[in-house]
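Excluded from the calculations below are hydrogen atoms, water molecules and symmetry mates; all remaining heavy atoms, backbone and side chain alike, are included. Residue numbers start at 1 and run along the sequence shown.
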Amino acid sequence: MKNRKKLVITLIGVIVLGIGLFVYQTFIKKQLHFKENMTVEINGKFNPNSYISEVEHGSVKDVACQSKNLNIKKLGKYEVTYTYKNREYTTTIQVVDTQKPVFKGLDDLTVSLNTTPDLKAGVEVSDNSLEEIKYKIDDKNLDTSKEGTYEVTYVAKDSSGNKTIAKRKIEVIKKIGSDKQSNEKVVYLTFDDGPSENTKKIMDILAKYDAKATFFVTGRNQDYNYLIKDAYNAGHTIALHTYSHEYSTVYASVDAYFDDLNKVGQMVKKEIGFVPHYIRFPGGSSNTVSRRYCQGIMSTLTKEVVEKGYQYYDWNGDSTDASGNHVAVDKLIRNGTSCHDNNVMILCHDTQAKDTTVQALPAIIEHYKNLGYTFKGIDDATYAPHQSVNN
Ligand SMILES: [Zn+2]
């Protein structure tokens with residue numbers, strides 16, 4: 001009798017313990033565990049599973065998350081509810097801002113002596129908070145009255161106090177080009193719009209007379225880009241004309257102009273290892289075509305290119321080979337030999353269609369040679385003829 005009573009009590013005890021264990025496991029003991037750091041970056045992507053460290057007797061796939069309270073666009077603490085095996089787990093997710101603002105456009109800048117560079121041009125700063133970030137420029141080290149390499153500092157801070165300090169290299173160089181002609185008798189033969197098959201023919205003629213010239217190249221005929229390198233290696237000067245040579249593109253805006261110029265600059269850099277600082281505007285600085293696309297653009301560009309460390313070259317001699325294709329050779333010779341300044345910069349073209357330019361070239365060279373001129377490529381000291389700006 002006594003033994004039977006004991007057995008019943010033991011049995012009840014086991015059952016109660018079992019029920020207790022079941023209740024504890026099911027309703028009391030947590031089966032879903034979270035990581036310690038429950039934060040998400042503002043305007044970032046909220047990934048509910050990334051906060052779960054352990055799911056007992058299951059996987060994250062069995063967990064649902066209700067996060068409609070969470071406003072990812074606003075800093076703060078938000079309640080988020082996870083559901084696992086019919087049990088709810090409410091936890092707090094904090095929207096934080098720990099990311100620093102990011103600068104764009106702090107490329108090295110080349111400027112001419114005694115100019116005031118626009119250090120804000122092309123510079124952008126963004127932040128994950130999406131707020132508008134103000135930034136400061138510390139340029140106390142910059143002295144544009146002396147040639148040299150300088151460093152300026154850009155500082156941006158977002159409203160959460162995240163701070164970015166970025167350095168930018170500024171190179172101050174002496175102004176390229178001279179306003180005055182030198183006393184020396186020099187012809188600067190210049191060829192625009194190439195390279196093409198004719199570039200090679202022109203180089204052969206130049207070699208015959210030991211004459212150097214300047215090629216204002218474009219990006220229109222890149223199968224012949226190897227001639228840019230060949231011309232450079234032969235001692236000629238490589239200069240920038242335009243990448244597309246489409247007036248509607250190049251002169252659409254000041255930014256469009258510099259986009260095009262940078263493109264042709266990078267293209268040339270691939271061939272010769274650097275970006276030349278000598279440029280010629282499509283149509284020259286006096287062109288009026290640009291008026292159609294952007295009023296006043298030439299007045300701005302002629303100043304800005306010099307401020308950015310470039311120099312532009314128009315011409316005081318003209319072969320007039322731009323007046324059409326296959327212009328008569330004798331006309332090209334007559335026009336191409338009409339200027340007798342000390343420094344003559346002659347406009348010619350080396351595109352495929354300008355075969356008569358190739359034919360006229362020896363006579364033009366001989367004309368000036370007989371008058372005691374030498375033939376040089378443009379360098380930093382070269383006279384830079386500037387026509388009057390009409391737009
Ligand atoms: Zn051109």
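- For Tyr251 and Tyr293, the ring centers are positioned 6.0 Å apart or more.
- Judged by distance alone, with hydrogens and angles left aside, the side-chain atoms of Asp350 form a donor-acceptor pair with the main-chain N or O of Gly194 at under 3.5 Å.
- Summarising the geometry, atom OG1 belonging to Thr110 is positioned 8.5 Å from atom NZ belonging to Lys169; distances are rounded to the nearest 0.5 Å.
- Using a 4.5 Å cut-off on side-chain heavy atoms (C-beta onward), Ile93 and Thr39 make no contact.
- Side-chain atoms of Ser338 and Asn335 include no donor-acceptor pair closer than 3.5 Å.
- Ring planes of His367 and His340: tilted class, angle from 30 to 60°.
- Panel note: side chain Asn343, backbone Gln181; no donor-acceptor pair is recorded below 3.5 Å.
- Taking the six-membered ring where tryptophan is involved, the planes of Phe34 and Tyr89 are perpendicular, since the angle between them exceeds 60° and thus also 30°.
- Counted by atom type alone, Thr320 and Asp318 present zero donor-acceptor pairs between their side chains at under 3.5 Å.
- Under a 3.5 Å cut-off, the side chain of Tyr84 and the backbone N or O of Gly58 do form a donor-acceptor pair.
- For the residue pair Asn114/Ser145, the side-chain donor-acceptor check at 3.5 Å is not satisfied.
- Between Met38 and Thr92 the shortest heavy-atom distance is CB-O, 3.4 Å.
- Taking the centre of each ring, Tyr313 and Tyr383 stay at or above the 6.0 Å mark.
- Looking only at distances, a side-chain donor or acceptor of Arg291 sits under 3.5 Å from a matching main-chain atom of Asn390.
- For the pair Pro362 and Ile205, the tightest heavy-atom approach, listed with the atom from each and the gap, is CG-CG2, 4.1 Å.
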**Message:** side-chain contact (heavy atoms from CB on, under 4.5 Å), that's the test. Do Val217 and Val268 meet it? Break it down for me.
**Reply:** CA-CA 8 Å; Val217 302; Val268 167; 3.5 Å; yes
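- Between the side chain of Ser53 and the backbone N or O of His33 there is at least one donor-acceptor pair closer than 3.5 Å.
- Contact record, Pro282 with Val250: CG-CG1, 4.2 Å, taken as the closest heavy-atom pair.
- A continuous path of Ile, Leu, Val, Met, Phe, Trp and Tyr side chains, each step under 4.5 Å between heavy atoms, connects Phe191 with Tyr373, placing both in one hydrophobic cluster.
- Counting only N and O atoms by type, the side chains of Glu184 and Ser182 include no donor and acceptor under 3.5 Å apart.
- Separating the NZ atom in Lys212 from the OG1 atom in Thr237 is a distance of 10.0 Å, to the nearest 0.5 Å.
- Without hydrogens or angle criteria, Asn391 side chain to Cys294 main chain gives a donor-acceptor distance under 3.5 Å.
- No side-chain heavy atom of Asp255 sits under 4.5 Å from any side-chain heavy atom of Tyr257.
- Of the possible polar contacts, one joining the Lys354 side chain to the Gly324 backbone as a donor-acceptor pair under 3.5 Å is found.
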Run Ile238 and Lys229 through side-chain contact (heavy atoms from CB on, under 4.5 Å) and show every step you take.
CA-CA 9 Å; Ile238 304 302; Lys229 194 176 182 175; over 6 Å; no
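- In this structure, Tyr150 contributes its side chain and Asp143 its backbone to a donor-acceptor pair below 3.5 Å.
- Using modelled atom types, one finds a donor on one side chain and an acceptor on the other under 3.5 Å when comparing Ser286 with Gln387.
- Here the two rings, on His386 and Tyr312, have centers that are under 6.0 Å apart.
- By the neighbour-count criterion of 12 heavy atoms within 6.0 Å, atom CD of Gln94 is densely surrounded, having more than that number from other residues, nucleotides or ligands.
- Between Lys120 and Asp118 no salt bridge is recorded (no basic side-chain N to carboxylate O distance below 4.0 Å).
- A donor-acceptor distance shorter than 3.5 angstrom exists from the side chain of Asn162 to the backbone of Asp97, with no hydrogens or angles considered.
- Other residues, nucleotides and ligands contribute more than 12 heavy atoms inside 6.0 Å of the CG atom of Asn141.
- Counting non-hydrogen atoms of other residues, nucleotides and ligands closer than 6.0 Å to NZ of Lys35 gives a total above 12.
- Ionic pairing of Asp260 and Lys263 is not present here: no N-O contact between side-chain nitrogen and carboxylate oxygen is shorter than 4.0 angstrom.
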Exercise for the section: Take Lys85 and Glu56 through the salt bridge (charged side-chain N to carboxylate O under 4.0 Å, His left out) test and state the conclusion after the steps. Expected result: CA-CA 10 Å; Lys85 290 194 172 167; Glu56 287 182 29; over 6 Å; no
* Take Tyr243 and Met267 through the test side-chain contact (heavy atoms from CB on, under 4.5 Å) and record every step on the way to the result. => CA-CA 8 Å; Tyr243 188 81; Met267 184 195 86; 4.1 Å; yes
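- Between atom CD1 of residue Ile333 and atom CD of residue Gln359 there is a gap of 9.5 Å, rounded to the nearest 0.5 Å.
- Between Thr214 and Leu189, every side-chain heavy-atom pair lies at or beyond the 4.5 Å cut-off.
- Two residues are said to be in side-chain contact when any heavy atoms from C-beta on lie closer than 4.5 Å; Leu113 and Val172 meet this criterion.
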Start with the C-alpha gap between Ile202 and Phe215, add the side-chain angles, then the distance that decides, and say whether side-chain contact (heavy atoms from CB on, under 4.5 Å) holds. CA-CA 11 Å; Ile202 288 165; Phe215 294 91; 4.2 Å; yes
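- To the nearest 0.5 Å, atoms OG (Ser159) and CG (Asp127) are separated by 7.5 Å.
- Aromatic pair Tyr51/Phe46: centroids less than 6.0 angstrom apart.
- Atom OG1 of Thr382 is separated from atom CG of Asp380 by 8.0 Å, given to the nearest 0.5 angstrom.
- No side-chain donor-acceptor contact under 3.5 Å links Ser129 and Asp158.
- Of the candidates Asp193, Thr190, Thr218, Asp193 is the only one forming a side-chain hydrogen bond (donor to acceptor under 3.5 Å, both in side chains) with His241.
- For the pair Ile378/Phe216, a side-chain contact is recorded, criterion being any heavy-atom separation below 4.5 Å from C-beta on.
- Within 6.0 Å of atom CG in Asn47, more than 12 heavy atoms from other residues, nucleotides or ligands are found, so the atom counts as buried in its surroundings.
- Taken together through direct or relayed side-chain contacts under 4.5 Å among Ile, Leu, Val, Met, Phe, Trp and Tyr, Ile279 and Ile176 form parts of separate hydrophobic clusters.
- Electrostatic pairing of Lys208 and Asp204 does not count as a salt bridge here, judged by no charged N lying under 4.0 Å from a carboxylate O.
- For the pair Met203 and Asp230, the minimum side-chain heavy-atom distance is below 4.5 Å.
- Two residues are said to be in side-chain contact when any heavy atoms from C-beta on lie closer than 4.5 Å; Leu347 and Met345 fail this criterion.
- Other residues, nucleotides and ligands contribute more than 12 heavy atoms inside 6.0 Å of the CG atom of Asp108.
- Note that OH of Tyr278 and CG of Asp379 are 5.5 Å apart. Values are rounded to the nearest 0.5 Å.
- In this structure, Tyr368 contributes its side chain and Val186 its backbone to no donor-acceptor pair below 3.5 Å.
- With hydrophobic clusters built from ILVMFWY side chains whose heavy atoms lie under 4.5 angstrom apart, Val187 shares a cluster with Leu361.
- Checked against the 6.0 Å centroid criterion, the rings of Tyr135 and Phe103 qualify as a close aromatic pair.
- The side-chain heavy atoms of Arg280 and Leu240, taken from C-beta on, include no pair separated by under 4.5 Å.
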